[in-house]
Amino acid sequence: MSTEALRIVWIYPDLLSTYGDRGNLLILARRAADRGIPVETYEIRSDQRMPNGADIYLIGGGEDGPQALAAQRLLADGGLHQAVARGASVLSICAGYQLLGHSFYAKGAKCAGLGLLDISSDRGETRAVGELRGDIDPRLGLPPLTGFENHGGRTHVGQHAAPLARVTGGIGNDGQTEGAWAGKILGTYSHGPALARNPAIADLLLRWSTGADRLAPLDDSWTEQLRNERLTAASPARPV
Ligand code: GLN
């Protein structure tokens, strides 16, 4: 890994890649390159050592079996823990979000998570499937979240993390809040892929990892059209 370029790792694409998670990697790399920031991307499969020296780590969604296996391997590897301790940023989606917490359920069994985010997940009575929308924690200064959710888990956010958003459509964590964040770790139930529908989150990750206060604006008019369409399509929040 070179030290000059922004290093982005996509964690375990062989296990966690539902609903176009590769798109998050492509969008981050593209939005960095468009600002003249040199980028190196790495796809680290589950039989490889997890490098601890990258700047941004992406971990995606998945079914219960691959999710449990990914958690076991990341716990045994330790590289992601070292990277977070060094100050790396993390974007985690759905299964990847749940497994960053203390525990989650997969195929009816309680599984140990990585403990990197103060959340824990159990199962809901129904699957949460459909459009997801929320107002993001104002401290992050981002426009509303839009995404697509499909998960059986429900997530409780502990004292050492904050919800990423207040739900205005869909379920998210529990029908009230959606996702979580602490330090430079973000978690969300939003697929889509999330960064295609929320490029402001990509720019937040780029700012965190480069230390830049602001980034040159890009032409996001197509994205804005998509966002407006999806935000309008989201159904109102319904009971869990
Ligand atoms: N297996 C998890 C659940 O159903 C996560 C699903 C996903 O990543 N879409 O809750």
Side-chain angles (χ1 to χ4, degrees), residues 9-25 43-46 57-75 80 90-134 145-158 161 163-165 167 169-181 185-198 201 230 234-235 237-240:
V9 166
W10 180 17
I11 299 173
Y12 297 173
D14 53 325
L15 295 180
L16 299 173
S17 180
T18 51
Y19 305 116
D21 283 294
R22 178 182 296 279
N24 292 328
L25 182 69
E43 299 185 15
I44 306 297
R45 296 172 61 89
S46 60
Y57 289 78
L58 304 174
I59 183 164
E63 293 167 10
D64 284 14
Q67 177 181 4
L69 185 57
Q72 282 169 16
R73 293 195 174 179
L74 286 168
L75 272 170
L80 183 58
V90 182
L91 174 68
S92 61
I93 312 291
C94 203
Y97 164 50
Q98 291 178 6
L99 71 76
L100 289 193
H102 304 297
S103 61
F104 62 91
Y105 279 82
K107 296 191 167 182
K110 189 171 184 177
C111 303
L114 275 59
L116 290 172
L117 198 52
D118 186 15
I119 58 166
S120 55
S121 300
D122 52 25
R123 292 314 266 199
E125 286 178 10
T126 55
R127 278 195 84 76
V129 185
E131 287 293 318
L132 175 62
R133 185 179 64 195
L145 179 81
T146 166
F148 171 79
E149 62 182 336
N150 182 357
H151 53 102
R154 297 294 185 275
T155 298
H156 311 279
V157 180
L164 180 65
V167 168
I171 304 288
N173 293 329
D174 57 3
Q176 306 292 320
T177 70
E178 144 52 20
W181 71 285
I185 301 179
L186 299 174
T188 176
Y189 275 110
S190 167
H191 295 284
L195 297 184
R197 290 173 64 150
N198 304 278
I201 296 180
R230 293 292 88 202
S235 51
R238 51 193 190 277
V240 181

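Every number for a ligand or one of its atoms is a count from 1 in the order of the listing.
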(request) Verify the distance criterion only: is there a donor paired with an acceptor across the side chains of Thr177 and Asn173 at less than 3.5 Å? (result) yes
(request) Determine the minimum heavy-atom distance between Ser190 and Glu178, stating which atoms define it. (result) N-OE2, 4.1 Å
(message) Between Glu149 and Arg127, is the salt bridge (Lys or Arg N to Asp or Glu O under 4.0 Å) condition met? List the steps.
(response) CA-CA 9 Å; Glu149 62 182 336; Arg127 278 195 84 76; over 6 Å; no
(message) Are Arg22 and Glu43 packed together at the side-chain level, in the sense that at least one heavy-atom pair is separated by less than 4.5 angstrom?
(response) yes
(message) Looking only at the side chains, is there a donor atom on one of Ser120 and Ser103 sitting less than 3.5 Å from an acceptor on the other?
(response) no
(message) Please tell me whether Thr155 and Gln98 have a donor and an acceptor in their side chains that are separated by less than 3.5 angstrom.
(response) no
Quick check on ligand 1: any N or O pairs to the protein under 3.5 Å? One line per pair.
unit_1	atom_1	unit_2	atom_2	d
ligand 1	1 (N)	Gly62	O	3.3
ligand 1	1 (N)	Asp64	OD1	2.7
ligand 1	1 (N)	Gln67	OE1	2.9
ligand 1	4 (O)	Arg127	NH1	3.4
ligand 1	4 (O)	Arg127	NH2	3.2
ligand 1	4 (O)	Gly152	N	2.9
ligand 1	8 (O)	Gly62	N	2.9
ligand 1	8 (O)	Gly62	O	3.2
ligand 1	8 (O)	Ala95	N	3.0
ligand 1	9 (N)	Asn150	O	2.8
ligand 1	9 (N)	His191	NE2	3.2
ligand 1	10 (O)	Gln98	NE2	3.0
ligand 1	10 (O)	Gly152	N	3.0
ligand 1	10 (O)	Gly153	N	2.9

